[in-house]
2 protein chains.
Amino acid sequence: MAETPPSGESLLFLTDEQLRKGIEAMFFAYRGFTADPDRILETMDYGRAHHRAIHFIHRSPGTTVSNLLAILGVTKQSLNRVLRTLIEDGLVEARVGRRDKRERHLHLTPKGAELERELSDAQRARMRAAFRAAGPQAVSGFRTVLEAMMDPEQRKQYQGLKEAGP
Amino acid sequence: MAETPPSGESLLFLTDEQLRKGIEAMFFAYRGFTADPDRILETMDYGRAHHRAIHFIHRSPGTTVSNLLAILGVTKQSLNRVLRTLIEDGLVEARVGRRDKRERHLHLTPKGAELERELSDAQRARMRAAFRAAGPQAVSGFRTVLEAMMDPEQRKQYQGLKEAGP
DNA sequence: AATTTACGTCAGCCTTGTTGACTTTCCAAG
DNA sequence: CTTGGAAAGTCAACAAGGCTGACGTAAATT
């Protein structure tokens with residue numbers, strides 16, 4: 001495909017029209033991105049907020065409530081409502097910290113892990129199809145732009161949440 | 001089922017881990033994407049729903065309510081609430097259709113256009129910075145992947161809303 | 001001992017989405 | 001001309017999921 005040369009002249013990809021296309025691409029794609037899990041969730045009593053909590057607990061088992069708060073960027077009251085139902089329904093387990101007993105370390109139960117798999121399977125299937133159709137080079141660009149679009153704090157969360165903290 | 005075996009060349013960009021990164025990139029980037037307009041909107045009595053309406057009316061002046069409904073993917077009751085306040089506040093004008101007087105053709109007033117500019121300036125600034133940092137090739141990939149991630153209907157809206165319909 | 005931190009909870013509010021039922025307007029087909 | 005149905009608007013009721021503020025408790029820190 002005819003890529004623009006990296007020389008200084010073609011800054012055409014920065015025109016307002018191109019930017020508007022980018023903005024709308026984000027809007028429409030995000031809808032597609034959430035559509036599949038949403039369909040699954042709406043058959044249960046859960047919503048997108050539950051999905052997010054489950055996703056990040058799965059990603060970082062043993063993470064604390066305040067860690068999750070920082071990642072999700074919501075208030076503790078809002079998160080607590082979600083977390084409470086997940087714990088009541090036996091999808092999430094909150095273990096009191098060994099070293100610091102004020103902390104609650106969050107884990108998915110087998111049942112929670114099962115729902116997580118169901119949700120992320122659906123979401124990954126779409127992402128995989130999109131990735132495959134677009135090819136590795138496009139995927140690389142996709143990730144580069146998205147990362148550049150994040151707030152610095154969010155970028156840090158994105159890059160390095162390998163360990164759940166001390 | 002198992003992973004598709006790497007057919008010679010690396011399909012490593014389709015691993016579950018890579019897909020998970022893509023999923024989280026979408027999540028965090030979308031937050032950044034909406035952050036700037038949200039900050040502006042919260043000082044007024046408006047929310048993200050108002051922004052979306054204003055954006056698409058600006059994009060397709062004279063669009064009808066049902067057009068907007070299809071683009072935004074919400075119920076007319078939900079859209080109507082937003083639209084009503086925008087009309088009351090003098091940001092949007094609803095002109096009765098000439099050919100079909102049931103239709104309302106939506107236009108931004110000067111005041112509405114001013115808010116649109118303020119909002120999209122903020123959003124474009126971030127998008128521009130991200131595009132510039134990533135480069136044209138990455139931007140191309142970004143758009144390719146996002147497009148592949150949309151639902152077919154959304155993709156159609158994305159590609160061809162040049163004209164406001166018959 | 002006093003303060004700070006982590007978490008939970010109650011109460012109340014807002015935005016933005018949903019359904020369902022109903023009316024008005026008006027184009028177009030019979 | 002009548003009528004069916006599409007387009008638009010409205011009212012009512014409700015839910016999810018954000019928010020703030022206030023308060024309580026246990027545990028760690030100073």
Side-chain angles (χ1 to χ4, degrees), chain A residues 27 30-31 34-35 37-54 57 62-89 92-106 164-166, chain B residues 27 30-31 34-35 37-54 57 62-89 92-106 164-166:
Chain A
F27 173 69
Y30 198 78
R31 282 244 297 273
T34 57
D38 281 359
R39 258 188 295 274
I40 296 172
L41 288 158
E42 84 181 5
T43 70
M44 319 178 179
D45 260 3
Y46 301 126
R48 217 176 273 181
H50 300 84
H51 183 194
R52 290 197 282 262
I54 288 174
I57 293 171
T63 192
T64 63
V65 172
S66 32
N67 264 337
L68 211 48
L69 243 37
I71 293 170
L72 297 176
V74 297
T75 59
K76 65 173 176 175
Q77 294 91 331
S78 197
L79 176 59
N80 189 253
R81 177 171 32 197
V82 165
L83 231 38
R84 199 190 316 154
T85 70
L86 289 176
I87 292 170
E88 279 170 4
D89 295 353
V92 167
E93 191 188 352
R95 301 180 193 155
V96 173
R98 283 189 310 128
R99 284 167 41 187
D100 187 333
K101 293 177 190 166
R102 292 169 307 178
E103 294 181 341
R104 301 289 184 276
H105 297 277
L106 303 169
Chain B
F27 173 69
Y30 198 78
R31 282 244 298 272
T34 56
D38 281 358
R39 259 188 294 274
I40 295 172
L41 288 159
E42 84 181 5
T43 69
M44 321 176 178
D45 261 3
Y46 301 126
R48 217 175 274 182
H50 300 84
H51 182 194
R52 291 197 281 262
I54 287 173
I57 293 171
T63 191
T64 64
V65 172
S66 30
N67 264 337
L68 211 48
L69 243 40
I71 294 169
L72 296 176
V74 297
T75 59
K76 64 176 177 177
Q77 294 91 332
S78 196
L79 175 58
N80 191 256
R81 177 170 33 200
V82 165
L83 233 35
R84 199 190 319 151
T85 71
L86 290 176
I87 291 170
E88 279 170 4
D89 295 355
V92 167
E93 192 189 347
R95 301 183 194 153
V96 173
R98 283 190 310 130
R99 283 168 40 188
D100 187 335
K101 292 176 188 168
R102 292 165 304 177
E103 294 182 340
R104 300 291 185 274
H105 296 276
L106 303 169

Of D:dA7, C:dG17, D:dC19, the nucleotide closest to the side chain of B:Glu103 is D:dA7
From the candidates D:dG18, D:dA7, C:dC7, the one with an atom nearest any side-chain atom of A:Arg104 is C:dC7
Whole angstrom value for the distance that separates [atom2] of [N] from [atom1] of [X]:
| X | N | atom1 | atom2 | value |
| --- | --- | --- | --- | --- |
| A:Leu41 | C:dG17 | CG | C1' | 16 Å |
| A:Leu68 | C:dC7 | CG | C1' | 13 Å |
| B:Leu69 | D:dG9 | CG | C1' | 12 Å |
| B:His105 | D:dA7 | NE2 | C1' | 11 Å |
| B:Met44 | C:dT15 | CE | P | 14 Å |
| B:Leu79 | D:dA8 | CG | C1' | 11 Å |
| B:Asp38 | C:dC14 | CG | P | 19 Å |

If you look at every strand shown and take non-hydrogen atoms under 4.0 Å, does A:Ser66 touch a base, only sugar-phosphate, or nothing? sugar-phosphate
Pairs: protein N or O with nucleotides 10-16 of chain D N or O, under 3.5 Å:
| unit_1 | atom_1 | unit_2 | atom_2 | d |
| --- | --- | --- | --- | --- |
| D:dT10 | OP2 | B:Asn80 | OD1 | 3.2 |

Sequence neighbours excluded, the answer for side-chain hydrogen bond (donor to acceptor under 3.5 Å, both in side chains) partners of B:Arg48 is B:Thr34, B:Asp38
**Prompt:** Below 4.5 Å, heavy atoms only, C-beta onward: do B:His105 and B:Thr64 meet side chain to side chain?
**Reply:** yes
Would you check if A:Leu79 and A:Leu68 make a side-chain contact, meaning some heavy-atom pair closer than 4.5 Å?
yes
In this structure, CD1 of A:Ile87 is separated from CG of A:Leu106 (nearest 0.5 Å) by 6.5 Å
dist A:Leu83:CG -> A:Glu88:CD (nearest 0.5 Å) comes out at 10.5 Å
Check whether A:Arg31 reaches the backbone of B:Leu72 with its side chain - one donor and one acceptor, N or O, closer than 3.5 Å. yes
Using modelled atom types and a 3.5 Å cut-off, is there a donor and acceptor pairing between side-chain atoms of A:Arg98 and backbone atoms of A:Val96? no
With A:Tyr46 as partner, the option from A:Val82, A:Ile40, A:Leu86 fulfilling side chain to side chain contact (heavy atoms under 4.5 Å, CB included) is A:Leu86
For B:Arg104 and B:Arg102, the nearest pair of non-hydrogen atoms, with its separation, is NH1-O, 2.9 Å
Result for 5'-nearest mapping on DNA chain D, choosing between B:Leu83 and A:Gly73, is B:Leu83
Discussion item. Check the phosphate of C:dG17 against B:Thr75, side-chain N and O only, distance under 4.0 Å to OP1 or OP2. Yes or no?
Written reply: no
Nucleotide by nucleotide, nucleotides 25-30 of chain D touches protein heavy atoms under 4.0 Å in the pattern (B base, S sugar-phosphate only, - none) --BS--
